[in-house]
Protein chains: 2
Amino acid sequence: MRATLMYGAGDVRVETVPDPKIIEPTDAIVRATRACICGSDLHPYHSMPGSEQGTPMGHELIGVVEEIGTAVTTVKPGDFVIVPFAFSDNTCAFCREGFQTACTHGGFYGSLEIPGLQAELSRIPQADGTLVAVPGIDERSELLPSLLALSDVYLTGHHAAFMAHVEPGKTVTVVGDGAVGLSAVLASRQLGAECIILMGRHTARTDLGREWGATDVVAERGEEGIAKVLELTGGEGSHVVLEAVGHMPAYEQSFGVVRVGGVISRVGVPQYERAPIGFGSLFGKNITLTGGPAPVRAYLETAVQQVLAGEIDPGRVFDRTLGIEQAPEGYAAMDARDALKVMLAF
Amino acid sequence: MRATLMYGAGDVRVETVPDPKIIEPTDAIVRATRACICGSDLHPYHSMPGSEQGTPMGHELIGVVEEIGTAVTTVKPGDFVIVPFAFSDNTCAFCREGFQTACTHGGFYGSLEIPGLQAELSRIPQADGTLVAVPGIDERSELLPSLLALSDVYLTGHHAAFMAHVEPGKTVTVVGDGAVGLSAVLASRQLGAECIILMGRHTARTDLGREWGATDVVAERGEEGIAKVLELTGGEGSHVVLEAVGHMPAYEQSFGVVRVGGVISRVGVPQYERAPIGFGSLFGKNITLTGGPAPVRAYLETAVQQVLAGEIDPGRVFDRTLGIEQAPEGYAAMDARDALKVMLAF
């Protein structure tokens with residue numbers, strides 16, 4: 001089968017690799033209908049050291065179950081399924097508390113044992129706990145982009161808003177106009193926020209943000225951007241800040257605009273370990289910092305119903321569709337910001 | 001009048017200074033009944049650079065109103081009052097949201113304009129918003145220690161627990177067996193926590209912690225202490241960690257013992273600005289970090305009623321009472337850990 005591998009920064013190749021096989025009785029094999037490239041895939045695209053072996057990429061997928069292990073009972077061959085970006089048993093203590101990304105039997109894709117999902121076939125561990133079947137959907141459905149968006153990007157934006165307790169009456173500022181930032185706007189609107197400030201400077205993106213509920217767009221960055229948000233909030237700052245980037249300047253912008261007693265919720269994977277949290281940044285103003293890898297599985301059934309009912313259209317973040325063979329071009333386009341988010345068709 | 005000043009690390013003196021006067025019409029002058037020494041006073045006691053002038057110390061006080069400005073309406077001379085450690089108008093947007101320590105017209109004691117409260121007489125700005133009168137109390141009341149504890153220490157412990165949403169069913173770990181840590185134990189019990197692990201190694205203190213609701217005491221520190229708490233929580237960690245110290249090792253201990261999806265609530269004033277918050281510490285496990293300077297004023301009326309009704313006895317943190325002239329001895333005793341918390345009588 002064909003699969004996408006990264007051999008180092010900027011070096012993505014599509015190659016023929018052996019088909020995956022069922023290893024554990026709890027596994028399933030899924031044949032890809034659509035996969036996509038994530039903003040977080042751009043971090044290794046910038047910094048991965050060169051290697052002989054290559055890393056199998058991708059963690060967002062919708063497709064059709066091809067084969068199941070002997071222990072799998074909730075999906076069967078032929079089922080159309082959504083594959084969340086992390087696998088989980090959905091029964092351990094952490095899963096039951098809604099944190100499936102920390103499942104004691106769970107994990108992430110992209111290793112040699114559990115390869116990435118930008119591939120024609122994928123082995124999904126813990127299939128019963130991980131996969132969500134969507135009856136009545138096939139490869140011709142117009143809803144494919146929005147269902148694919150539920151495997152990570154939209155529900156990552158939702159997680160940011162959910163952890164921050166977004167609700168009517170709270171001003172929300174979203175830092176970052178990438179696909180996750182825009183999803184955070186849509187999710188905040190769904191949770192009832194009426195005042196949503198989007199910090200971003202790519203007009204095509206912020207225009208989608210406005211359609212999805214952003215009431216103000218701040219193109220400025222750093223001190224100037226902070227001053228603008230403070231002006232928009234009567235000098236008091238934003239109750240909630242959703243940080244959808246992961247770089248230090250985005251975090252600094254976040255504690256610059258957050259209101260006394262407010263919340264910063266991060267879903268951009270931090271590209272730093274240490275950061276300011278003392279009296280001058282978080283503590284003095286009683287700021288709450290929250291967020292982490294989104295437990296997509298916890299939110300998936302509800303979101304599927306919202307997509308099927310036409311209440312949300314998160315698939316609009318995909319502005320380019322390429323065949324799997326063109327995956328390298330897709331990475332380059334996202335890196336150059338020519339494309340917001342690239343969908344891969346099989 | 002007599003007042004306590006610090007002239008540098010380890011150099012505390014009691015001196016005669018001019019009596020304070022009403023400056024703003026919103027001021028009141030309060031005559032001290034009891035004041036006390038705070039764990040946070042020990043930070044400058046270790047590190048303050050020497051000066052000619054001296055810094056007027058103290059921020060916890062109960063006493064009797066001596067004089068009021070022309071605009072003051074809620075207290076009158078002769079009223080017995082509790083003085084929270086920060087003053088606030090109690091009407092601005094941040095006060096109304098329960099964050100009086102960030103009041104737009106508020107502030108802290110200990111400058112030359114607004115001297116510290118370890119003094120016979122103190123000028124209290126924003127008296128209407130700050131002071132809470134307690135009818136029926138006089139200088140002979142047995143409740144003086146517990147009422148004094150409401151000016152900071154107990155309600156700082158309560159703030160930690162409140163911000164962390166402590167409730168029945170959640171395991172709480174308290175890092176630090178100082179007066180704030182012990183108060184956090186008592187407050188967590190009040191909020192319904194049934195399993196409270198106290199990390200501390202001073203038996204006299206942890207014994208009071210047990211009386212107040214600690215179900216386990218972990219004397220070990222660092223990796224060993226973390227392992228012990230994980231063992232006590234079935235390897236899963238503590239839903240809530242209340243950090244009542246402020247030094248980096250206490251913070252590191254906190255993210256070592258917190259459960260996936262759990263909360264670290266800090267009320268020990270951080271003696272650092274930058275700290276780990278990336279994937280390996282907070283983000284990967286979806287940890288929430290919260291806390292800050294306690295808005296004592298927000299919680300004061302309720303807590304006064306609890307003290308008057310005999311439901312809580314937070315004054316037990318005071319294990320030594322000295323006259324104001326012996327304040328330097330009080331600092332030394334707390335610094336040497338001979339005393340848990342020193343009350344000053346006038």
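Values below: all heavy atoms of this structure, side chains included; hydrogens, waters and symmetry mates excluded.
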Do other residues, nucleotides or ligands put more than 12 heavy atoms under 6.0 Å from [X] [atom1]?
| X | atom1 | value |
| --- | --- | --- |
| Arg274(B) | CZ | yes |
| Glu194(B) | CD | yes |
| Phe162(A) | CZ | no |
| Lys228(A) | NZ | no |
| Glu167(A) | CD | yes |

Write down the atom of [X], the atom of [Y], and the distance for their closest heavy-atom approach.
| X | Y | answer |
| --- | --- | --- |
| Phe99(A) | Val260(B) | CB-CG1, 3.6 Å |
| Pro270(B) | Phe279(A) | CG-N, 4.4 Å |
| Glu273(A) | Gly280(B) | OE1-N, 3.2 Å |
| Ile277(B) | Arg266(A) | O-NH2, 2.6 Å |

Of the listed Gly291(A), Ala294(A), Ala102(A), the one with the largest count of heavy-atom pairs under 4.5 Å with chain B is Gly291(A)
Would you mind telling me which of Lys285(A), Gln271(A), Arg259(A) has the largest number of heavy-atom pairs within less than 4.5 Å of chain B? Arg259(A)
Spacing of Leu289(B) atom CG and Leu282(A) atom CG [to the nearest 0.5 Å]: 6.5 Å
Identify which of Gly261(B), Gly284(B), Ala93(B), Ala275(B) forms the greatest number of heavy-atom pairs closer than 4.5 Å to chain A. Ala275(B)
Working for side chain to side chain contact (heavy atoms under 4.5 Å, CB included), residues Asn286(B) and Thr101(A): CA-CA 9 Å; Asn286(B) 266 292; Thr101(A) 41; 3.8 Å; yes
Let me know if [X] has heavy atoms under 4.5 Å from chain B in its side chain, its backbone, both or neither.
| X | result |
| --- | --- |
| Phe94(A) | side chain |
| Val263(A) | neither |
| Glu236(A) | both |

Hey, mind stepping through Thr288(A) and Thr288(B) against side chain to side chain contact (heavy atoms under 4.5 Å, CB included) and telling me if it holds? CA-CA 7 Å; Thr288(A) 295; Thr288(B) 296; 3.5 Å; yes
Close approach to chain A in residues 39-46 of chain B, criterion heavy atom under 4.5 Å: none
